[in-house]
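Counting starts at 1 for both ligands and their atoms, in listed order. Atom set for the values below is all heavy atoms of this structure, side chains included, hydrogens, waters and symmetry mates excluded. Start at 1 with the first residue, then count along the sequence.
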Amino acid sequence: MSTATTTATPLRARPAWRALEEHYEAIRTSHLRTLFADDPGRGERLVAEGAGLYLDYSKNGVTDETIALLVRLAEECGLAERTEAMFRGERINVSENRSVLHVALRMPKSESLVVDGVDVVAEVHDVLDRMAEFANRIRSGQWKGHTGKPIRNVINIGIGGSDLGPVMAYEALRHYSQRDLTFRFVSNVDSTDFAEATRDLAAEETLFIVSSKTFTTLETMTNARTAREWAIAVLGDESAIAKHFVAVSTNAEEVSKFGIDTDNMFGFWDWVGGRYSMDSAIGLSTMLAIGPEGFRELLAGFHEMDIHFRTTPHARNLPVLIGLLAIWYGDFFGAQTVGVMPYCQYLKRFPAYLQQLTMESNGKHVTLDGRMVDYQTGAVYWGEPGTNGQHSFYQLIHQGTELIPIDLIGFGRTLNPIRDHHDLLMSNVFAQAEALAFGKTEEQVRAEGTAEAVVPHRVFEGNRPSNVILAEKLTPHTLGALVALYEHSVFTQGTIWGIDSFDQWGVELGKALAQRIIPELESQAEPELHHDSSTNALIRRYRAMR
Ligand code: G6Q
């Protein structure tokens with residue numbers, strides 16, 4: 001089946017969708033208490049394993065029949081065919097007419113993937129080898145700054161896909177990082193970001209990685225120019241650039257125009273989307289932090305999940321199950337959001353990273369062939385590390401009126417074993433999933449001797465869904481597998497909705513309008529304004545305050 005025919009039948013007209021609608025009516029009031037009581041084996045059966053991750057999805061409002069129907073939906077929507085099309089390098093990003101080949105970034109050297117006559121895996125490894133050589137020189141102190149001192153600080157300048165992955169990975173893998181190097185990340189065009197990141201650093205020991213696929217992004221280029229002025233002001237002359245700036249980009253021309261020698265540029269390709277690029281050269285800061293070997297492990301984790309996704313039957317396939325459950329809650333139960341709660345302080349930026357991955361990918365309102373959808377697409381993803389979130393917003397998940405499916409992520413072992421912290425942390429993972437699913441009945445509350453007037457306040461209705469994802473320990477390998485898990489779950493959802501998960505036209509309009517407004521803010525003379533009355537008034541007020 002070709003990719004084009006898979007989108008031909010409107011989603012809601014598909015037999016599996018119709019069957020799911022009926023099934024939903026039959027199951028929507030079933031309580032997890034009953035589902036577990038009637039089927040004591042479900043906690044051991046509704047699980048899946050792959051690439052070092054264990055998924056327990058038994059505390060969801062599903063039965064074996066639900067899963068079978070969802071899997072049938074995936075089949076009817078051509079998930080297997082579209083997955084193969086992606087892995088073969090077909091141009092499945094239709095609105096940009098591009099291949100989608102982040103999976104090639106983590107294929108081992110021994111493999112080859114020829115797309116348009118080019119072995120992309122060989123190209124990937126050429127860049128990885130150059131990155132490794134550079135990383136070794138920085139990490140060993142062999143690379144010297146303009147005044148002959150080794151580099152101690154690395155600042156990645158980038159935004160969106162050229163920032164969120166690197167920041168998240170650095171925070172996640174800090175434990176494995178070379179601790180005598182300082183890493184900072186500047187993304188916001190708000191000058192505060194740059195000022196605070198550099199205020200206590202010596203320019204002669206600082207390396208800037210300017211990360212930008214296009215090398216034209218306003219925020220990144222503004223910060224990069226500020227960084228160049230900052231470095232030259234201290235180091236004296238332009239020739240310092242060669243020792244203190246490297247670029248990660250697909251645009252060699254703009255890189256050299258900026259003044260960075262293309263010998264100090266690490267390339268990638270238009271078939272790597274920004275939000276899918278943390279394992280390309282965009283991950284240079286990650287490699288500097290954890291070393292080439294650690295980076296290889298990270299790629300191996302991604303690759304293991306890629307293989308799992310490509311080869312495991314959908315009913316036991318982790319990304320497929322997670323993607324299908326998101327469809328189940330979004331399109332049938334009307335859930336608007338999905339919470340992702342890592343019980344791991346190192347993963348504190350993981351939810352922010354996922355927000356871009358999921359929402360920029362699946363926040364779409366037309367199908368691949370341009371028809372308006374008549375169903376809900378991408379949910380709002382959000383989250384915070386546990387247990388912190390429990391002391392703020394979990395209240396609403398437990399007792400509010402919104403249905404919020406959540407993923408709880410935990411590890412068997414901590415990287416910082418201190419007293420019984422880890423058992424306390426993990427007991428909360430299990431307790432939250434249990435409390436959400438089973439709640440507390442009126443009878444139980446009464447039996448505790450609660451005053452009658454307070455009883456309703458203390459009742460937890462339960463039946464609130466969660467996935468629990470467990471891995472042995474947070475390693476570069478685990479992180480790769482975890483990111484690939486969500487990447488492919490996004491792909492699964494996008495395939496079912498029949499949308500293009502790899503473009504991002506929605507980001508464009510605001511950028512274009514900002515370009516028009518900049519001269520209106522900066523001009524000396526009072527500009528003639530032709531916006532709506534609100535925008536005109538706001539611009540005038542800002543000019544007066546400025
Ligand atoms: C990601 C998006 C977007 C992009 C940034 C930075 O998928 O395309 O977040 O990564 O706008 O773009 P550059 O890397 O080109 O600066």
Side-chain angles (χ1 to χ4, degrees), residues 86 92-103 105 127 155-169 185-190 193-194 208-228 245-258 260 265-286 349 351-364 378 381 483-484 486-491 493-494 499-515:
M86 171 170 75
I92 61 166
N93 175 357
V94 291
S95 80
E96 295 181 325
N97 191 27
R98 285 179 181 164
S99 307
V100 173
L101 272 176
H102 45 278
V103 291
L105 297 170
V127 176
I155 301 188
N156 185 76
I157 298 180
I159 196 164
S162 301
D163 167 68
L164 287 160
V167 184
M168 181 279 286
F185 299 83
V186 173
S187 56
N188 201 334
V189 75
D190 181 345
D193 206 8
F194 182 85
F208 290 97
I209 306 176
V210 185
S211 296
S212 175
K213 183 172 169 180
T214 54
F215 230 71
T216 56
T217 305
L218 173 91
E219 292 88 337
T220 301
M221 297 326 296
T222 306
N223 278 319
R225 282 185 208 106
T226 300
R228 188 169 60 187
F245 283 79
V246 296
V248 177
S249 187
T250 57
N251 191 344
E253 203 184 319
E254 287 297 325
V255 168
S256 43
K257 263 199 225 158
F258 180 84
I260 297 178
M265 164 178 162
F266 301 89
F268 59 113
W269 306 269
D270 72 354
W271 42 259
V272 185
R275 54 194 176 275
Y276 296 88
S277 67
M278 61 167 277
D279 46 343
S280 71
I282 290 291
L284 184 61
S285 57
T286 314
R349 296 287 292 174
Y353 170 79
L354 274 190
Q355 281 185 328
Q356 182 188 24
L357 178 67
T358 56
M359 289 157 75
E360 202 167 63
S361 296
N362 284 339
K364 309 290 161 68
Y381 276 73
V483 173
Y486 283 98
E487 284 179 349
H488 297 315
S489 93
V490 163
F491 178 84
Q493 295 169 57
I499 56 178
D500 191 333
S501 302
F502 302 102
D503 61 11
Q504 55 284 313
W505 299 105
V507 186
E508 302 299 321
L509 178 62
K511 279 193 192 176
L513 290 181
Q515 289 294 352

Novice: Anything under 30° is parallel, anything over 60° is perpendicular, the rest tilted; go ahead and classify F502 against Y276.
Specialist: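 Judged by the thresholds at 30° and 60°, the geometry between F502 and Y276 is tilted.
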
Novice: When you measure from atom 15 (O) of ligand 1 to every protein heavy atom, which one gives the shortest distance, and what is it?
Specialist: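 Going by distance alone, atom 15 (O) of ligand 1 is nearest to T214 OG1, 2.6 Å.
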
Novice: Considering only non-hydrogen protein atoms, determine which one is nearest to atom 9 (O) of ligand 1 and report residue, atom name and distance to 0.1 Å.
Specialist: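 Result: Q356 NE2, 2.6 Å.
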
Novice: Taking D193 for its side chain and S187 for its backbone only, find out whether a donor-acceptor pair lies under 3.5 Å.
Specialist: yes

Novice: If you apply the rule side chain to side chain contact (heavy atoms under 4.5 Å, CB included), what do you find for L354 with M168, and how did you get there?
Specialist: CA-CA 10 Å; L354 274 190; M168 181 279 286; over 6 Å; no

Novice: Which ligand 1 atoms does S162 reach within 4.0 Å, using its non-hydrogen atoms?
Specialist: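 Selected atoms, number and element: 10 (O), 13 (P), 14 (O).
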
Novice: Going by the side chain to side chain donor-acceptor pair (under 3.5 Å) test, name the single residue among E487, Q356, E360 that passes it with R275.
Specialist: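 Single pass found, and it is E360.
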
Novice: Is the terminal nitrogen or CZ of R228 (NZ for Lys, CZ for Arg) located under 6.0 angstrom from the six-membered ring centre of F245 and within 45° of that ring's axis?
Specialist: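 No, R228 and F245 do not form such a contact.
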
Novice: Who's closest to atom 13 (P) of ligand 1 heavy-atom-wise, of I157, L357, T217?
Specialist: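 When every heavy atom of I157, L357, T217 is considered, T217 comes closest to atom 13 (P) of ligand 1.
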
Novice: Polar contacts were defined as any N/O atom of the residue lying under 3.5 Å from an N/O atom of the ligand; does this apply to S211 and ligand 1?
Specialist: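 The answer is no, given that S211 and ligand 1 share no N or O pair closer than 3.5 Å.
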
Novice: For S212, counting its heavy atoms only, list the atoms of ligand 1 lying under 4.0 Å from any of them.
Specialist: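 In order of number, 13 (P), 14 (O), 15 (O), 16 (O).
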
Novice: Would you say that more than 12 heavy atoms from the other residues, nucleotides or ligands in this model lie under 6.0 Å from the CD of E253, or not?
Specialist: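 Incorrect, the count does not exceed 12.
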
Novice: So, taking the atom named OG in S277 and the one named CG in L164, what distance separates them when rounded to the nearest 0.5 Å?
Specialist: 10.0 Å

Novice: Apply side chain to side chain contact (heavy atoms under 4.5 Å, CB included) to Y353 and V483, showing your working.
Specialist: CA-CA 9 Å; Y353 170 79; V483 173; 3.4 Å; yes

Novice: Check ligand 1 against R275 and write out every atom of the ligand that is under 4.0 Å from a heavy-atom position of the residue.
Specialist: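 So the answer, numbered in order with elements, is 1 (C), 7 (O).
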
Novice: Around atom 11 (O) of ligand 1, find the nearest protein heavy atom and jot down its residue, atom name and distance.
Specialist: K511 NZ, 3.9 Å

Novice: Is ligand 1 under 4.0 Å from a heavy atom in the side chain of Q504, in the backbone, in both, or in neither?
Specialist: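 The answer is the side chain of Q504.
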
Novice: So, N362 side chain and T358 main chain: donor-acceptor pair closer than 3.5 Å or not?
Specialist: no

Novice: Taking a cutoff of less than 4.0 Å between a non-hydrogen atom of the residue and any ligand atom, is E219 in contact with ligand 1?
Specialist: no

Novice: What pair of heavy atoms forms the shortest contact from S211 to T220, and how long is it?
Specialist: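 Here S211 and T220 meet closest at O-CG2, 3.9 Å.
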
Novice: Can you list the atoms of ligand 1 that are under 4.0 Å from a heavy atom of G274?
Specialist: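 Near G274, the atoms of ligand 1 are 1 (C), 7 (O), 10 (O).
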
Novice: Looking only at non-hydrogen atoms, which of G165, G273, G161 approaches atom 4 (C) of ligand 1 most closely?
Specialist: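 Closest candidate by heavy-atom distance is G161.
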
Novice: Could you find the nearest protein heavy atom to atom 5 (C) of ligand 1 and give me its residue, atom name and distance?
Specialist: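 Looking only at protein heavy atoms, the one closest to atom 5 (C) of ligand 1 is I159 O, 3.5 Å.
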
Novice: Any nitrogen or oxygen of F215 lying under 3.5 Å from a nitrogen or oxygen in ligand 1? Just yes or no.
Specialist: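 Not met; the criterion fails.
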
Novice: Could you find the nearest protein heavy atom to atom 2 (C) of ligand 1 and give me its residue, atom name and distance?
Specialist: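 The closest one turns out to be E360 OE1, 3.1 Å.
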
